[in-house]
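Note on naming: letters A, B, ... go to the chains in the order of the sequence lines (proteins, then strands), and numbering restarts at 1 for each one.
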Amino acid sequence: MSDVVNEAEEDGGGSDFIRDIVRADLQAGRHQGVVTRFPPEPNGYLHIGHAKSICLNFGIAEEFGGRCHLRFDDTNPTREEQEFIEAIQTDVRWLGFDWGEHLHFASDYFEQLYQWAEGLIEAGKAYVDDLPVDEMRAYRGSLTEAGRNSPYRDRAVAENLDLFRRMRAGEFPDGARVLRAKIDMAAGNMNLRDPVLYRILHSAHPRTGTDWCIYPNYDFAHGQSDAIEAITHSLCTLEFADHRPLYDWLLEAIGVDERPRQYEFSRLNLSHTALSKRRLTQLVEEGCVDGWDDPRMPTVSALRRRGVPAAAVRDFISRLAITKSDGLVEMAMLEHCIREQLNVDAPRRMAVLRPLKVVIENYPEDESEMLTAQNHPGNADMGSREVPFSRELYVERDDFMEDPPRKFFRLGPGREVRLRYAYFITCNEVIKDDDGEVTELRCSYDPETRGGNAPDGRKVKGTIHWVSAAHAVDAKVRLYEHLFNSEEPPSGDDFLADLNPNSLEVLPQAWLEPDLANLPAGQTVQFERMGYFCRDSANDAVFNRTLGLRDSWAKIKGKS
RNA sequence: UGGGGCGUAGCCAAGUGGUAAGGCACCGGGUUUUGAUCCCGUGAUCGCAGGUUCGAUCCCUGCCGCCCCAACCA
């Protein structure tokens, strides 16, 4: 066994390349402790891709006895809102993480950032540029051609300083001038071709209001915020790798003592969904879904509303490796984690989603009895409950076939099945309406089989769930499927054409066992044989399906 | 004048100079008062081509392929 593995076992961490670096840094004494940060821009809701970053940053802090900050990268007031600031905190907490005292905002550092910018100007490392956007683009060159110096590049320090102060004072309109770092217009790395550091934005900020009309951009705010907060390891996704030389250049230029280091890992891509803020925003704004927390969305709030346990999300993330290779993780992986968690935790209940009336002809009218049902077949500690049984019941339509194929174990004319936790029943007669639609089954029950076992030892192949018609509670049920048909929805605006038209199915009339009347929103249960469900947080009369159970019968049926 | 990153089974991946962990999916089989769960079992010579070596997925060289970068977004 290698040392790395031994050490990983000792400190409880994994051993991906980032944790290996952290471990090595700590051992070499390069840092006193580890400090990470999760730095969302408050311009949308968190999705499961962010969960990867959250689990990584908070996870590493936990494993190495350090701390992790929640920092809002709020440097662009034109896109950011208080609503998002609050939602993000709710989501991070729900995922199970705590930033303690360390809730920070890049906007808290605006004054310090401004002072550093003046320092850069004084050192001749930054200048005010008057080039309009399109000209600046032209001067920047292309991927294969060097850029050219702006005609304003060699302005005197005093003039730069004066202009920059007047930018701050609000003397110029949006877009009139910017502050740029003076680096190298011929750099192969585009980020080094005199990147913009500050722009004029006469726009109110959710936190600083109208105090500022110039705002630093990402590159001038991020590394500096890391430095201010004494972040040791600044973890971000791969697309920022090209920014690292600039990150380092700026920290060097402003002269911070303890330099944070940036490391990049690949972002999460999940099949059958979209994980870019642009696309998710579009889905919401164009009404393709019912909001950011529509249970079909990959957002954290949607997962919560759908009944997915936070522990399942964490488990899913922990099975992902932190690497630099970009891939597409199958949704089935997430679904497995959800089922695995819920299989252990979710109490069992009975509910009939697509009802078919059953009348037990030999059961007395106006009578009922209570039968005992286990709350979890594999965990007696979860106890049991009483379920009412009477002459008229509902069973699942799919549990009856008039002309059953081989290997169909459920109800059919003349067949006997077990009603879970109740009795054996036999189907004697099939009632249909004028259209030939089956409307009711007339059955008889065997009183000797109370509880589900026959004293004579006879067996039945099928066990189906049921609900007493007179006692049942009614509800609407929403079933969800993948949001997109393709594993990887096409890039570009046509991705909407790939939306799965059947991603939402509403069952108008389901019948639940009475106990479910009191189920609080947020508690996910298993409807036996049907899947995991929870009450919708926005509508008491609705239950959402978190996920169906694995269904090998559907596979058998699909093959024939 | 281009820069950066990545290629190990269908998917996510571990790994090392001595002949490829694990998880998911799939497919078989067993148990079962959920066709669930649970339990068993099945698959790769490591992008390609050369080279170094007793021996290479691992080292070298050359190809090929994929991703990111030309916002006053983050």
Ring-face cation contact, A:Tyr127 with A:Arg180, 6.0 Å cut, 45° max: no
Any [X] side-chain N or O less than 4.0 Å from OP1/OP2 of [N]:
X        : N     : result
A:His465 : B:U34 : no
A:Lys324 : B:G7  : no
A:Thr323 : B:A13 : yes
A:Arg410 : B:G35 : no
A:Arg550 : B:C26 : yes
A:Lys557 : B:G35 : no
A:Arg140 : B:A71 : yes
A:Arg199 : B:A74 : yes
A:Ser266 : B:G5  : no
A:Ser15  : B:A14 : no
A:Thr75  : B:A74 : yes

Need one value for [X]: base, sugar-phosphate or nothing, where a base atom within 4.0 Å counts as base even if backbone is also close, heavy atoms only.
X        : value
A:Val329 : sugar-phosphate
A:Asn217 : sugar-phosphate
A:Gly327 : sugar-phosphate
A:Val133 : base
A:Tyr421 : base
A:Glu145 : sugar-phosphate
A:Ile464 : nothing
A:Arg137 : sugar-phosphate
A:His222 : nothing
A:Lys461 : nothing
A:Arg319 : sugar-phosphate
A:Pro39  : nothing
A:Gln526 : base
A:Ser271 : nothing

Flag if over 12 foreign heavy atoms under 6.0 Å of CD, A:Gln374: yes
side-chain hydrogen bond (donor to acceptor under 3.5 Å, both in side chains) evaluation trace for A:Asp345 with A:Gln341: CA-CA 6 Å; A:Asp345 292 344; A:Gln341 185 72 39; 2.8 Å; yes
Taking [M] as the reference, what is the distance to [N] when you measure between their [atom1] atoms (whole Å, please)?
N     : M     : atom1 : result
B:C73 : B:C68 : C1'   : 16 Å
B:A49 : B:A36 : P     : 44 Å
B:G43 : B:A21 : P     : 11 Å

Check the distance between [N]'s [atom2] and [X]'s [atom1] and give it to me in whole angstrom.
X        : N     : atom1 : atom2 : result
A:Phe265 : B:C68 : CZ    : P     : 17 Å
A:Trp466 : B:U34 : CH2   : C1'   : 14 Å
A:Met331 : B:A25 : CE    : P     : 14 Å
A:Glu335 : B:A25 : CD    : C1'   : 11 Å
A:His336 : B:C38 : NE2   : C1'   : 13 Å
A:Glu135 : B:A70 : CD    : C1'   : 16 Å
A:Phe172 : B:C72 : CZ    : P     : 19 Å
A:Leu268 : B:A13 : CG    : C1'   : 14 Å

Check the side chains of [Y] and [X] for a donor-acceptor pair under 3.5 angstrom, ignoring hydrogens and angles.
X        : Y        : answer
A:Glu335 : A:His482 : yes
A:Glu528 : A:His465 : no
A:Thr372 : A:Glu386 : yes

Between [N] and [X], counting only base atoms on the nucleotide and side-chain atoms on the residue, is there a donor-acceptor pair under 3.5 Å?
X        : N     : answer
A:Asp242 : B:G3  : yes
A:Arg339 : B:U37 : no
A:Glu330 : B:G10 : yes

Sub-6.0 Å ring centroid separation between A:Tyr247 and A:His243: no
B:G2: pairing nucleotide in any strand, Watson-Crick or G-U under 3.5 angstrom: B:C69
Closest-nucleotide 5' rank along RNA chain B - winner of A:Asp129 and A:Asn343: A:Asn343
Residue mapping more 5' on RNA chain B - nearest nucleotide basis, A:Gly141 or A:Ala241: A:Ala241
Name of the residue among A:Glu396, A:Arg397, A:Met401 meeting side-chain contact (heavy atoms from CB on, under 4.5 Å) with A:Asp399: A:Glu396
Reference residue A:Leu303; test side-chain contact (heavy atoms from CB on, under 4.5 Å); the match among A:Leu46, A:Ile48, A:Asp91, A:Thr546: A:Ile48
